[in-house]
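Here the structure comes first, spelled out in structure tokens, and everything after it is commentary.
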Amino acid sequence: MCKNRFLLTLAALCLLLVAAACSSSSNTQESTEANPALPGFDVENSDPKAIAIADEVMEAMGGRKNWDNTRYISWDFFGRRSLLWDKWTGDVRIDNLDGAFNILVNIHNLEGQAKDSGQVVTHPDSLVKRMKRGLEIWINDSYWLVMPFKLKDPGVTLTYVGEDSTQTGEAADLLELRFKDVGLYPQHKYRVWVNKETKLVTQWSYYPEASLEEPRFVNPWQEYQRYGNILLSGKRGENRYMGNIQVRDSMDRTPLEQL
């Protein structure tokens with residue numbers, strides 16, 4: 001009698017374990033479906049745990065649907081320049097705040113306009129250089145602002161490094177981002193600390209070469225606020241701040257069409 005009761009209990013326990021495993025697998029699948037990787041993301045060489053955490057970050061930031069539906073984002077980059085970006089078309093306006101230059105560039109085809117100190121750039125070679133410079137600025141400045149939304153971008157390989165603490169002592173999961181055949185700087189590497197409770201990125205470090213052991217810098221991600229339907233952080237420490245952040249679903253496109 002006792003033996004039969006033991007076997008029944010063991011069988012019930014096994015069923016519970018199987019159900020829990022199926023539920024976990026289902027949750028992971030649902031999370032991945034809610035935040036599909038962009039074409040070219042290195043799924044094969046990325047850790048499943050790192051991918052799952054990236055999906056949690058996306059959800060904490062407002063969710064993939066809200067990110068995709070966000071069209072216009074504008075901000076000032078560390079008091080140096082202002083940017084206005086149409087995510088849907090790739091049109092970007094960059095105005096240096098000291099008046100040194102103004103650039104309108106489409107990041108997909110590198111077509112646009114430019115002014116140097118108020119003078120329209122007309123020489124073809126000079127204009128090409130300004131368009132490339134505009135792309136470089138957008139890549140840098142937008143990554144500082146929206147990197148958490150880009151953890152599953154083309155060319156990214158995600159690795160789960162382990163549990164760690166930020167410089168302020170917050171418990172976090174540490175992810176590493178490497179890049180393969182993508183962007184202007186595929187040799188770069190980043191490490192990203194994801195808060196265990198909020199699932200928000202609260203710190204990152206940058207390595208100009210993936211082989212380096214020591215980062216060039218480590219910055220906090222602070223003062224998250226809701227803009228439109230997504231969260232963004234503008235503060236990267238005491239002396240690095242992105243201000244005038246705005247998120248819009250519609251606007252007058254004239255600023256993106258003429259300088």
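Just so it is clear, the structure is predicted and the values come from calculations on it, not from any experiment. In this chain, residues are counted from 1 in sequence order.
In this structure the side chain of L127 never reaches within 4.5 angstrom of the side chain of H123, judged on heavy atoms. By the 4.5 Å heavy-atom criterion applied to side chains, L151 and V156 are not counted as neighbours. Looking only at side-chain heavy atoms (C-beta outward), N35 and K152 come within less than 4.5 Å of each other. In this structure, the side chains of W85 and V146 come closer than 4.5 Å at one or more pairs of heavy atoms. S205 places none of its side-chain heavy atoms less than 4.5 Å from the side chain of F217.
In this model, a donor atom of one side chain and an acceptor atom of the other lie less than 3.5 Å apart for H188 and Y206. Using modelled atom types, one finds a donor on one side chain and an acceptor on the other under 3.5 Å when comparing N219 with R240. Residues N66 and N69 have side chains that never bring a donor and an acceptor to within less than 3.5 angstrom of each other.
Judged by a 6.0 Å distance limit and a 45° cone about the ring axis, K150 is not positioned over the six-membered ring of W67. A cation-pi arrangement is absent between R178 and Y207 under the rule of less than 6.0 angstrom and at most 45 degrees off the ring axis. Cation-pi contact between R191 and W204: absent, since separation from the ring centre below 6.0 Å together with deviation from the ring axis within 45° is not met. Because its NZ or CZ atom is not both nearer than 6.0 Å to the ring centre of Y241 and within 45° of the ring axis, K235 does not count as a cation-pi partner of that residue.
Taking the charged nitrogens against the carboxylate oxygens, D125 and K129 have no contact shorter than 4.0 Å, which rules out a salt bridge. Ion pair R130/D116 flagged as a salt bridge, since at least one NZ, NE, NH1 or NH2 atom sits closer than 4.0 Å to an Asp/Glu carboxylate oxygen. Salt-bridge check for D76 with R81: failed, with every basic side-chain N at 4.0 Å or more from each acidic carboxylate O. Remark: E163 engages K196 in a salt bridge, criterion side-chain N to carboxylate O under 4.0 Å. A salt bridge between D68 and K87 is absent, with no side-chain N of the basic residue lying under 4.0 Å from a carboxylate O of the acidic one. One finds no salt bridge joining R93 and D91 here, because no Lys/Arg side-chain nitrogen approaches an Asp/Glu carboxylate oxygen to under 4.0 Å.
Atom CG of D252 has more than 12 heavy atoms from other residues, nucleotides or ligands within 6.0 Å.
Annotation for P148 and M61: closest pair CB-CE, 3.9 Å, computed over non-hydrogen atoms. For the pair L145 and S233, the tightest heavy-atom approach, listed with the atom from each and the gap, is CD1-O, 3.8 Å. Scanning all heavy atoms of the two residues, the minimum distance from F149 to L232 falls at CE1-CD2, 3.8 Å. Closest approach of I94 and G134 over heavy atoms only: CD1-O, 3.4 Å. Contact detail for N45 and T157: the closest heavy-atom pair is O-CG2, 3.4 Å. When all heavy atoms of A34 and R64 are compared, the pair lying nearest together is O-CB, 3.2 Å.
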*Check step by step if side-chain contact (heavy atoms from CB on, under 4.5 Å) holds for F101 and I137.*
CA-CA 12 Å; F101 63 82; I137 290 173; 3.8 Å; yes

_Pair M147, V192 - check side-chain contact (heavy atoms from CB on, under 4.5 Å), show working._
CA-CA 10 Å; M147 176 274 298; V192 175; 3.9 Å; yes

*Audit row: D55, E59, side-chain contact (heavy atoms from CB on, under 4.5 Å) steps and yes/no*: CA-CA 6 Å; D55 292 336; E59 186 63 25; over 6 Å; no

*Please lay out, stage by stage, how W221 and N195 fare under the test side-chain contact (heavy atoms from CB on, under 4.5 Å).*
CA-CA 11 Å; W221 283 58; N195 184 281; over 6 Å; no

*Dump the intermediate steps for ring-ring contact (aromatic ring centres under 6.0 Å, His included) on W88 and Y72, then the final yes or no.*
CA-CA 8 Å; W88 293 7; Y72 298 101; 7.8 Å; no

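Under the 4.5 Å side-chain heavy-atom criterion for grouping Ile, Leu, Val, Met, Phe, Trp and Tyr, Y160 is not connected to W193 through any hydrophobic cluster. In this structure, I139 is not a member of the same hydrophobic cluster as L104, with clusters built from ILVMFWY side-chain heavy atoms closer than 4.5 Å. V92 and L259 fall into different hydrophobic clusters, where Ile, Leu, Val, Met, Phe, Trp and Tyr residues are linked whenever their side-chain heavy atoms come under 4.5 Å apart, directly or through other members. No path of Ile, Leu, Val, Met, Phe, Trp and Tyr side chains, each step under 4.5 Å between heavy atoms, connects V105 with V128, placing them in separate hydrophobic clusters. Taken together through direct or relayed side-chain contacts under 4.5 Å among Ile, Leu, Val, Met, Phe, Trp and Tyr, L175 and Y143 form part of one hydrophobic cluster.
Separating the NE2 atom in H108 from the CG atom in L135 is a distance of 10.5 Å, to the nearest 0.5 Å. Atom-to-atom distance recorded for D141:CG and L83:CG is 5.0 Å, nearest 0.5 angstrom. A distance of 6.0 Å separates CG in L231 from CG in L200, rounded to the nearest 0.5 Å. One finds the CZ atom of R248 at 9.0 Å from the OG atom of S250 (value rounded to the nearest 0.5 Å). L158 contributes atom CG, which lies 6.5 Å from atom CD1 of I51 (distance to the nearest 0.5 angstrom). Taken to the nearest 0.5 Å, the NZ atom of K132 stands 8.0 Å off from the CG atom of L110.
In this structure a side-chain-to-backbone donor-acceptor pair under 3.5 Å is present from N106 to N109. For the pair K189 (side chain) and S211 (backbone), a donor-acceptor distance under 3.5 Å is absent. At distances below 3.5 Å, at least one donor-acceptor pair connects side-chain atoms of Q113 with backbone N or O atoms of E257. Between the Q203 side chain and the Q167 main chain, a donor and an acceptor come within less than 3.5 Å of each other. Using modelled atom types, no side-chain atom of R133 and backbone atom of E136 make a donor-acceptor pair closer than 3.5 Å.
Between F78 and W144, the ring-plane angle classifies as perpendicular under the 30° and 60° cut-offs.
If you run side chain to side chain contact (heavy atoms under 4.5 Å, CB included) between L174 and each of V194, T166, T159, V161, only V161 comes through.
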